[in-house]
Asks: 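Okay, here's the structure, questions in a sec.
Only a predicted model underlies this, so the values are computations on that prediction, with no experimental measurement involved. Whatever order the structure lists them in is the order used to number ligands and atoms, beginning at 1.
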Amino acid sequence: MAPQKRSKRPMLLSHSRPPIVKSKDAALSAKATRTLIRSHHRLLKVRAQALAAGDEARVSSIDAQIKANGGLESYQIASKLGQSMDRGGDSSKVLIDWIKPQLKQWNNTIPKLRVLEVGALSTKNACSTNPALDVTRIDLNSQEPGILKQDFMERPLPSSDDERFNMISLSLVLNYVPDATGRGEMLKRCVKFLTSKCPIELVPSLFLVLPIACVDNSRYLNEERLGEIMACLGFRLTQSKRTSKLVFYLWEYNGTYAPKAFKKEELRSGKTRNNFAVILNKK
Ligand SMILES: C[S@@+](CC[C@H](N)C(=O)[O-])C[C@H]1O[C@@H](n2cnc3c(N)ncnc32)[C@H](O)[C@@H]1O
């Protein structure tokens, strides 16, 4: 009788990052990195729940735990490690590969394309080092002088196209937002920062990277639902790519912004599913 194939268990969201490492030492630090990232996300989630419940004492106690774990800074170091070459590399390389054909139209006699990188950990990634791109980098906690310390949700809304962007990068940022409504608001907000005024022929776009478990193993989100949410915001999927841990998407904005309501509704059940969700409010 042929040996029975072991069925592959669906991946938990907490196990999605960083990608596999090879050497023994790296494997150890990968484990520590994963634990730190997982714990930070979990604490942010319970903090958001305590905040919503008005439980200030619990919020303070969670803040103390986050601090004891090294805070956002340690989380960012762990994320950077996850981004390093031996763990799958810089995600913005995927974006550059995808837009390479359009970037061929660019030369240094015309203005650069404006890119907003939300959740930026480096000034030297593929996006930042591309000569055709003028990258504005923001993060809740700046690690380098070229990164502005700013919450995207608090960034003043643009008053003209000169303050808008041809592309926005949200790489592993949407899953950082601890509540489902906040994620919907973040996606909506992206639209307000995009412009079709561009030095080359390029449709304004959103580069979105998520841990694969957010769409493959969530009770509340799958690719179809994500597509529906994005479609009502005016986005059309033009590129996508999967690795064992991450999913990359390029969404073009077609200008038809008409948000519909999407609740947190169970799309698939099962004990090993995660609870990643995006709630969209009409207004
Ligand atoms: C997992 S790291 C991802 C970094 C990098 N983009 C990557 O792909 O590896 C998430 C980063 O997003 C930042 N972030 C989350 N929400 C943000 C917001 N509302 N505004 C600015 N940065 C945010 C966090 O501070 C954190 O540094």
Side-chain angles (χ1 to χ4, degrees), residues 13-19 30 33-45 47-48 51 66-67 69-98 115-129 133 135-144 146-157 165 167-190 192-193 206-214 241 243 245-250 276 278:
L13 184 55
S14 55
H15 293 162
S16 319
R17 204 144 190 241
T33 305
R34 249 193 328 261
T35 306
L36 205 151
I37 290 176
R38 203 182 303 165
S39 154
H40 190 78
H41 282 170
R42 187 183 53 78
L43 286 168
L44 285 184
K45 191 173 156 188
R47 187 188 188 280
L51 201 65
I66 292 175
K67 203 171 162 200
N69 282 356
L72 178 53
E73 200 143 343
S74 293
Y75 169 83
Q76 288 179 319
I77 292 166
S79 294
K80 250 181 163 169
L81 266 173
Q83 218 190 53
S84 71
M85 291 312 288
D86 57 347
R87 308 240 188 110
D90 156 24
S91 65
S92 78
K93 277 199 294 190
V94 175
L95 171 63
I96 297 302
D97 272 356
W98 281 342
V115 179
L116 176 64
E117 187 182 358
V118 182
L121 294 185
S122 162
T123 56
K124 294 173 191 72
N125 63 11
C127 202
S128 281
T129 52
L133 306 180
V135 183
T136 299
R137 303 169 210 90
I138 63 171
D139 200 289
L140 296 176
N141 178 53
S142 167
Q143 297 250 358
E144 286 183 45
I147 301 168
L148 177 69
K149 180 177 158 77
Q150 185 178 61
D151 181 345
F152 176 52
M153 303 311 287
E154 309 267 308
R155 185 179 171 90
L157 288 177
F165 297 88
M167 272 175 292
I168 297 177
S169 166
L170 279 189
S171 171
L172 298 170
V173 176
L174 195 68
N175 56 299
Y176 184 95
V177 179
D179 68 296
T181 309
R183 293 181 196 127
E185 290 305 309
M186 183 174 263
L187 290 174
K188 277 178 170 173
R189 196 170 179 85
C190 285
K192 301 194 170 94
F193 284 84
L206 172 65
F207 178 61
L208 179 67
V209 184
L210 290 171
I212 205 159
C214 291
K241 174 189 158 123
T243 65
K245 307 271 176 184
L246 304 177
V247 61
F248 303 74
Y249 300 110
L250 191 64
F276 187 80
V278 176

Asks: For Tyr176, which part has a heavy atom under 4.0 Å from ligand 1: side chain, backbone, both, or neither?
Replies: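 Side chain only.
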
Asks: Would you list the pairs meeting salt bridge (Lys or Arg N to Asp or Glu O under 4.0 Å) in which at least one residue belongs to residues 169-190, sequence neighbours left out?
Replies: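 Applying salt bridge (Lys or Arg N to Asp or Glu O under 4.0 Å) to every pair that reaches into residues 169-190, excluding sequence neighbours, yields Glu185-Lys188.
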
Asks: At less than 4.0 angstrom from any non-hydrogen atom of Leu121, what atoms of ligand 1 do you find?
Replies: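 Selected atoms, number and element: 4 (C), 27 (O).
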
Asks: Side chains of Ser39 and Asn69: does their closest heavy-atom pair fall under 4.5 Å?
Replies: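 Touching, per the 4.5 Å side-chain cut-off.
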
Asks: Any N or O on Leu72 sitting closer than 3.5 Å to an N or O of ligand 1?
Replies: no

Asks: NZ/Lys93 to OG1/Thr129 distance, rounded to the nearest 0.5 angstrom?
Replies: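 Rounded to the nearest 0.5 Å, the NZ-OG1 separation comes to 10.5 Å.
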
Asks: Could you check if a side-chain atom of Met186 sits within less than 4.5 angstrom of a side-chain atom of Phe152, using non-hydrogen atoms only?
Replies: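 The answer is yes, as the side chains (C-beta and beyond) meet within the 4.5 Å cut-off.
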
Asks: Can you tell which of Ile37, Asp90, Asp139 gets a heavy atom nearest to atom 24 (C) of ligand 1?
Replies: Asp139

Asks: State if Gln143 counts as touching ligand 1 under the rule of any non-hydrogen atom under 4.0 Å.
Replies: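 No, that is not the case, since the closest heavy atom of the residue is not under 4.0 Å from the ligand.
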
Asks: With heavy atoms only and a cut-off of under 4.0 Å, state how Ser171 meets ligand 1: side chain, backbone, both or neither.
Replies: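 Within the 4.0 Å criterion, Ser171 contacts ligand 1 through backbone and side-chain atoms alike.
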
Asks: Could you measure the distance from the CD atom of Gln150 to the CG atom of Leu116? Nearest 0.5 Å is fine.
Replies: 8.0 Å

Asks: Hey, looking at atom 4 (C) of ligand 1, which of Gly119, Ser91, Ser169, Cys127 has the closest heavy atom?
Replies: Gly119

Asks: Show me which atoms of ligand 1 lie under 4.0 Å from any heavy atom of Gln150.
Replies: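 Under 4.0 Å from Gln150, ligand 1 has these atoms: 20 (N), 21 (C).
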
Asks: Given that the side chain starts at C-beta and the backbone is N, CA, C, O, which of these parts of Met186 lies under 4.0 Å from ligand 1, counting heavy atoms, or is it both or neither?
Replies: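 The part of Met186 near ligand 1 is the side chain, not the backbone.
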
Asks: Anything under 30° is parallel, anything over 60° is perpendicular, the rest tilted; go ahead and classify Tyr75 against His41.
Replies: tilted

Asks: What atoms of ligand 1 come within less than 4.0 Å of a heavy atom belonging to Phe152?
Replies: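 Those atoms are 18 (C), 19 (N), 20 (N), 21 (C).
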
Asks: Can you tell whether the side chains of Lys124 and Glu144 come within less than 4.0 Å, N to carboxylate O?
Replies: yes

Asks: Consider every N or O of Glu117 and every N or O of ligand 1, then say whether any pair is closer than 3.5 Å.
Replies: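 No, since none of the N or O atoms of Glu117 sits under 3.5 Å from an N or O of ligand 1.
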
Asks: At a 4.0 Å threshold, what atoms of ligand 1 neighbour a non-hydrogen atom of Tyr75?
Replies: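 Under 4.0 Å from Tyr75, ligand 1 has these atoms: 1 (C).
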
Asks: Answer yes or no: is there a donor N or O on one side and an acceptor on the other, between the side chain of Asn125 and the main chain of Ser128, under 3.5 Å?
Replies: yes

Asks: Which ligand 1 atoms are under 4.0 Å away from a heavy-atom of Asp151?
Replies: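 Reading through ligand 1 atom by atom, the close ones are 18 (C), 19 (N), 20 (N).
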
Asks: Who passes side chain to side chain contact (heavy atoms under 4.5 Å, CB included) against Val247, sequence neighbours left out?
Replies: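 Only Leu210, Ile212, Val215, Glu223, Arg242, Tyr249 meet the side chain to side chain contact (heavy atoms under 4.5 Å, CB included) criterion with Val247.
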
Asks: At less than 4.0 angstrom from any non-hydrogen atom of Gln76, what atoms of ligand 1 do you find?
Replies: 25 (O), 27 (O)

